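Keep in mind the model is a prediction, meaning the values are calculated, not measured. Protein chains get the first letters and strands the later ones, always in sequence-line order, with residue 1 at the start of each.
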Protein chains: 2
Amino acid sequence: MSDDAHTLIAARLRGSGQSYTPGRRVLVESLVRAGRPTTMAELLSLSPGLAQSSAYRNLVDLESIGVVRRVPGGGDLSRYELSEDIIGHHHHMICTVCGVVEDFRLPTTAENRLETGLIEALGRAGFRAGAHRVDVFGTCAGCDLAADPADAAV
Amino acid sequence: MSDDAHTLIAARLRGSGQSYTPGRRVLVESLVRAGRPTTMAELLSLSPGLAQSSAYRNLVDLESIGVVRRVPGGGDLSRYELSEDIIGHHHHMICTVCGVVEDFRLPTTAENRLETGLIEALGRAGFRAGAHRVDVFGTCAGCDLAADPADAAV
DNA sequence: CTACTTGCAAATGCTTTGCAGGAGA
DNA sequence: TCTCCTGCAAAGCATTTGCAAGTAG
């Protein structure tokens, strides 16, 4: 996957008169390594030597060519992830204890039913539905155990 | 609905040693009048004479007692709405043209299927699922017509 | 040579906070 | 009188931008 993704990204950048610079590559690789929506602080620590302003600017560039997406998390900090073109359609679970955001996928049938339901419900309101996002709040495995260690004994 | 809501809000405020002041009431009434997630700028224009800092502070207070909820919209601005305790469970459609955010409801069966699907999919990941939010991006009726006036002739 | 990138530092804009006066119990 | 609430102005903070130097084609 990684190789194809880099080729795609390089092509899209070239298509808009930009190039796949080391700064951009390290950002993309940090996003791949993180494997989940990542805050700027995390990205910077994963991308040593990259100036913050460059990171912001590159993320804007990558977003404008559909390689990166900015997603809202639980708190106030923006998070960044690779676009669904690259990592596929998915949703987010947000731990209300530690704030981490992880990806998850809905089984295809559930996903299809949801999409159909949304198009129907919104069509009635005169709204032409496109993409959707689903965020689930709850407790991640680690925080769940920490909160109720008895579960660990089972 | 309004009367009950105000009673509930007053009770919750009292319960935490606060009172339902005019500033808080005008905010709640602005949210009711708006009928959809509202930006600070909109709230202030709907609440003449209320200082911005008071608005922010009161929204924090109302949020902490579960009367108001802050929701992410399409852009960078925070939006505020009455909590689901008061206006019921619903989701958001976000117009990618004008940025407006409107509420919509999923039919009960679709909603139940979604919830079941989420709990199942997340349980497998060790995540204890609680509340969820669904946001749909698309074009609202007004922007859709503006973009393609031919539709109006049908 | 020309256009794109970068880092630094300064600016921006939303949100939060300090403080002193005012109002309610 | 004591605590809560308010407005104003001053921070705070994540993000954006100006600018001058560096780099690739």
Side-chain angles (χ1 to χ4, degrees), chain A residues 6 9-31 37-65 67-81 99 101, chain B residues 6 9-31 37-65 67-81 99 101:
Chain A
H6 288 304
I9 294 168
R12 289 209 191 159
L13 282 165
R14 246 179 274 115
S16 72
Q18 295 168 296
S19 51
Y20 202 10
T21 63
R24 284 168 191 163
R25 183 174 276 270
V26 74
L27 275 175
V28 169
E29 277 166 356
S30 296
L31 288 171
T38 312
T39 62
M40 175 57 63
E42 292 166 340
L43 272 180
L44 290 175
S45 73
L46 288 169
S47 315
L50 184 64
Q52 195 180 50
S53 62
S54 297
Y56 276 113
R57 264 193 278 234
N58 283 326
L59 288 168
V60 169
D61 296 340
L62 291 168
E63 191 176 7
S64 74
I65 58 170
V67 165
V68 159
R69 187 167 61 152
R70 221 169 138 171
V71 301
D76 299 323
L77 337 86
S78 285
R79 287 172 184 268
Y80 301 87
E81 68 176 3
V101 181
Chain B
H6 288 303
I9 295 168
R12 289 209 191 160
L13 282 165
R14 247 179 273 113
S16 71
Q18 295 169 297
S19 52
Y20 202 10
T21 64
R24 286 168 189 162
R25 183 174 276 268
V26 73
L27 276 174
V28 168
E29 276 167 357
S30 297
L31 288 171
T38 312
T39 63
M40 176 56 64
E42 292 167 338
L43 272 181
L44 289 175
S45 73
L46 288 169
S47 315
L50 183 64
Q52 197 181 47
S53 62
S54 297
Y56 276 112
R57 263 193 278 235
N58 283 326
L59 287 168
V60 169
D61 295 339
L62 291 168
E63 192 176 6
S64 75
I65 57 170
V67 165
V68 160
R69 186 167 62 149
R70 221 168 137 172
V71 302
D76 300 322
L77 338 86
S78 284
R79 287 172 183 269
Y80 301 85
E81 68 177 3
V101 181

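We find the CG-OG1 distance between B:Leu27 and B:Thr21 to be 8.5 Å, quoted to the nearest 0.5 Å. In this structure, the separation between CG on A:Leu31 and OG1 on A:Thr38 is 5.5 Å, given to the nearest 0.5 Å. Separation of atoms CG (A:Leu59) and CE (A:Met40) is listed at 5.0 Å; rounding is to 0.5 Å.
When each of B:Arg25, B:Arg24, B:Glu63 is checked for a side-chain hydrogen bond (donor to acceptor under 3.5 Å, both in side chains) with B:Asn58, only B:Arg24 meets the rule.
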So which protein nitrogen or oxygen atoms get under 3.5 Å of nucleotides 22-25 of chain D's nitrogens or oxygens?
none

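At whole-Å resolution of the value, CD in A:Glu42 and P in D:dA14 are 13 Å apart. Distance, A:Leu44 CG to D:dT15 P: 10 Å, rounded to whole Å. Rounded to a whole Å, the CG atom of B:Leu59 is 15 Å from the C1' atom of D:dC5. Distance A:Leu77 CG to D:dC13 P: 13 Å, rounded to the nearest Å. In this entry the distance linking CD of A:Gln52 with P of C:dC8 reads 11 Å, nearest Å. Atom CE of A:Met40 and atom C1' of D:dT16 are 11 Å apart (whole Å).
Residue-to-nucleotide proximity on DNA chain D shows that, of A:Tyr80 and B:Asp61, the 5′-proximal contact is made by B:Asp61.
Between the A:Arg79 side chain and the A:Gly73 main chain, no donor and acceptor come within less than 3.5 Å of each other.
Residues from residues 9-22 of chain A lying near DNA chain D, meaning a heavy-atom separation below 4.0 Å, are absent.
Two residues are said to be in side-chain contact when any heavy atoms from C-beta on lie closer than 4.5 Å; A:Ile9 and A:Leu62 meet this criterion. A 4.5 Å side-chain heavy-atom check between A:Glu81 and A:Val101 finds every atom pair outside the cut-off.
The listed nucleotides are D:dT15, D:dT16, C:dT16; the one nearest the side chain of A:Val60 is D:dT16. Relative to the side chain of B:Asn58, the nucleotides D:dT6, C:dT6, C:dT15 differ in distance, and D:dT6 lies closest. The nucleotide whose nearest atom lies closest to any side-chain atom of A:Tyr56 is, among C:dT16, C:dT6, D:dT15, D:dT15. Nearest to the side chain of B:Ser54, among D:dG7, C:dG7, C:dT16, sits D:dG7.
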(request) At under 4.0 Å between heavy atoms, which parts of nucleotides 18-25 of chain C does protein reach? Answer with one letter per nucleotide, 5' to 3': B base, S sugar-phosphate only, - none. (result) BB------
For residues 44-54 of chain A, please give each side-chain donor-acceptor pair under 3.5 Å, one per line with the distance, not counting sequence neighbours.
{"unit_1": "A:Ser45", "atom_1": "OG", "unit_2": "A:Glu42", "atom_2": "O", "d": "2.9"}
{"unit_1": "A:Ser47", "atom_1": "OG", "unit_2": "A:Ser30", "atom_2": "OG", "d": "2.7"}
{"unit_1": "A:Ser47", "atom_1": "OG", "unit_2": "A:Leu43", "atom_2": "O", "d": "2.8"}

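B:Val60 meets the side chain to side chain contact (heavy atoms under 4.5 Å, CB included) test with no other residue; sequence neighbours excluded. Annotation: side-chain hydrogen bond (donor to acceptor under 3.5 Å, both in side chains) contacts of A:Tyr20 (sequence neighbours excluded): A:His6.
Here A:Gly49 lies in heavy-atom contact (under 4.0 Å) with sugar-phosphate atoms only.
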